[in-house]
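Read the numbers this way: they start at 1 and go in the same order the structure lists the ligands and their atoms.
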Amino acid sequence: MGSYVITGGAGGMGQAAARRLTEDGHKVILIDVHERVHEVAADIDGATAVVADLGDNDQCRAAVDRAFQSAGQIDGALLAAGLLGTFGPDSRDPEEFDRVMAVNGRGTLVVADAIATRMAAAKTPGSLVLISSGAAFVAIGMASYSASKAAVTAICRELAVAYAEAGIRVNAIAPGLIDTEMASDAKTDPAILGAMLGHTPLGRIGRAEEIAAAAAFLLSDDASYVTATTLRVDGGHLSV
Ligand SMILES: NC(=O)c1ccc[n+]([C@@H]2O[C@H](COP(=O)([O-])OP(=O)(O)OC[C@H]3O[C@@H](n4cnc5c(N)ncnc54)[C@H](O)[C@@H]3O)[C@@H](O)[C@H]2O)c1
């Protein structure tokens with residue numbers, strides 16, 4: 001059984017993935033900017049916690065160091081830390097762009113690259129899964145967020161190619177609307193919810209456990225021939 005880093009480990013998807021992976025017999029190291037990550041880890045057998053702001057490069061690298069120190073060997077990671085930023089014209093503000101991109105884009109790159117570099121040096125094959133978004137592919141009035149999630153899909157391809165020879169697969173998941181704290185506004189606004197579900201053949205919001213299940217697949221050897229792809233887990237959103 002393996003050890004997996006989960007960023008955004010205090011969040012909805014991070015917690016669901018932590019529960020799924022530990023139920024499958026793995027250990028998890030949860031990294032999050034929020035102190036509540038300690039409580040989350042204390043509640044899950046096989047979980048430990050690290051507090052770090054992944055918008056800060058030094059904290060990204062220090063958090064990865066701590067994960068390797070505590071686990072010895074890391075077999076993979078789910079990078080789910082992210083922030084939504086603002087809607088509308090404010091989302092096109094350059095400072096807002098830097099703020100959102102620093103965590104969702106650069107933080108994802110720095111953490112994933114640091115983990116893969118150390119896995120490659122240790123000759124440990126494995127798998128990384130990055131959380132992108134359907135917003136990477138369609139305009140939703142959130143320019144900074146969408147750009148940061150499009151960056152994640154590009155980072156996925158780049159790292160997949162860079163680390164293929166080391167036996168490290170890198171994939172992304174593009175979730176649709178998923179029932180977590182991040183989606184609370186969309187969920188309670190009938191106009192946004194109606195627009196989303198009107199274009200979602202499965203006709204409902206997704207559950208964090210459904211993202212965790214997709215991540216568990218991509219992290220496992222069942223996905224041994226899958227790399228550099230972005231898997232949409234969105235109830236078929238925008239197919240109608
Ligand atoms: N919920 C959705 O509908 C949805 C849809 C598509 C993509 N996503 C993406 O899924 C991922 C997980 O989101 P979620 O739905 O679980 O939301 P969430 O808000 O419950 O979790 C996000 C977590 O990221 C952490 N985080 C934010 N900034 C950080 C930073 N600087 N350093 C470290 N951690 C930080 C937060 O503290 C939080 O625990 C995010 O990347 C999000 O963009 C969510």
Side-chain angles (χ1 to χ4, degrees), residues 5-20 29-41 49-64 66-67 77-86 91 98-112 129-138 140 142 144-153 155-156 172-189 192-193 195-197 200 204-212 214-215 230-235 237-238:
V5 170
I6 300 177
T7 75
M13 289 185 204
Q15 288 190 43
R19 291 188 193 283
R20 170 63 194 256
I29 302 101
L30 310 181
I31 302 175
D32 203 287
V33 71
H34 206 294
E35 290 284 342
R36 73 170 176 253
V37 71
H38 287 299
E39 286 164 45
V40 171
V50 176
V51 173
D53 179 354
L54 301 182
D56 178 288
N57 295 338
D58 290 340
Q59 290 191 45
C60 286
R61 296 189 190 102
V64 171
R66 284 191 53 193
L78 172 67
L79 286 92
L83 53 92
L84 200 53
T86 50
S91 76
D98 288 348
R99 185 178 78 89
V100 175
M101 190 61 90
V103 177
N104 295 5
R106 193 185 66 211
T108 298
L109 173 65
V110 174
V111 172
V129 176
L130 318 181
I131 299 291
S132 175
S133 168
F137 308 106
V138 290
I140 58 164
M142 301 181 71
S144 295
Y145 182 74
S146 289
S148 73
K149 292 302 186 178
V152 170
T153 65
I155 290 164
C156 161
I173 293 173
L177 190 61
I178 306 297
D179 193 1
T180 68
E181 200 178 312
M182 188 176 280
S184 55
D185 285 351
K187 210 176 80 174
T188 50
D189 182 325
I192 300 178
L193 190 62
M196 285 291 299
L197 297 188
T200 304
R204 63 170 174 84
I205 300 182
R207 297 188 303 273
E209 291 74 19
E210 293 173 311
I211 302 301
T230 295
L231 176 64
R232 286 173 52 182
V233 183
D234 60 3
H237 185 56
L238 292 181

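- Atoms of ligand 1 lying under 4.0 Å from any heavy atom of Leu177, numbered from 1 in the order shown and given with element: 3 (O).
- Near Ala52, meaning under 4.0 Å from one of its heavy atoms, ligand 1 places the atoms 32 (N), 33 (C).
- In this structure, Asp32 and Thr7 have side chains that are not in contact, with every pair of non-hydrogen atoms separated by 4.5 Å or more.
- The protein heavy-atom contact nearest to atom 14 (P) of ligand 1 is Thr180 OG1, 3.5 Å.
- Of all the atoms in ligand 1, the ones that sit under 4.0 Å from a non-hydrogen atom of Gly55 are 31 (N).
- Of the options Ile211, Leu30, Ile178, the smallest heavy-atom separation from atom 3 (O) of ligand 1 is shown by Ile178.
- In this structure, Gln15 has no heavy atom closer than 4.0 Å to ligand 1.
- A heavy-atom separation below 4.0 Å is found between Ser132 and ligand 1.
- Within the structure, ligand 1 has Gly176 among the residues with a heavy atom less than 4.0 angstrom away.
- Atoms of ligand 1 lying under 4.0 Å from at least one heavy atom of Lys149, given by number and element, are 40 (C), 41 (O), 42 (C), 43 (O).
- Looking at atom 20 (O) of ligand 1, its nearest protein heavy atom turns out to be Gly12 N, 2.8 Å.
- The backbone and the side chain of Leu54 each have at least one atom closer than 4.0 Å to an atom of ligand 1 (non-hydrogen atoms only).
- At least one side-chain heavy atom of Asn104 sits less than 4.5 Å from a side-chain heavy atom of Leu83.
- For the pair Arg36 and ligand 1, a heavy-atom separation below 4.0 Å is found.
- The backbone N or O of Ala52 lies less than 3.5 Å from no partner atom in the side chain of Gln59, so there is not a single donor-acceptor pair.
- Under the 4.0 angstrom criterion for non-hydrogen atoms, Ala208 is not in contact with ligand 1.
- Looking at Val103 against ligand 1, only its side chain comes within 4.0 Å, counting heavy atoms.
- For atom 33 (C) of ligand 1, the closest non-hydrogen atom of the protein is Val33 N, 3.2 Å.
- The side-chain heavy atoms of Asp179 and Lys187, taken from C-beta on, include a pair separated by under 4.5 Å.
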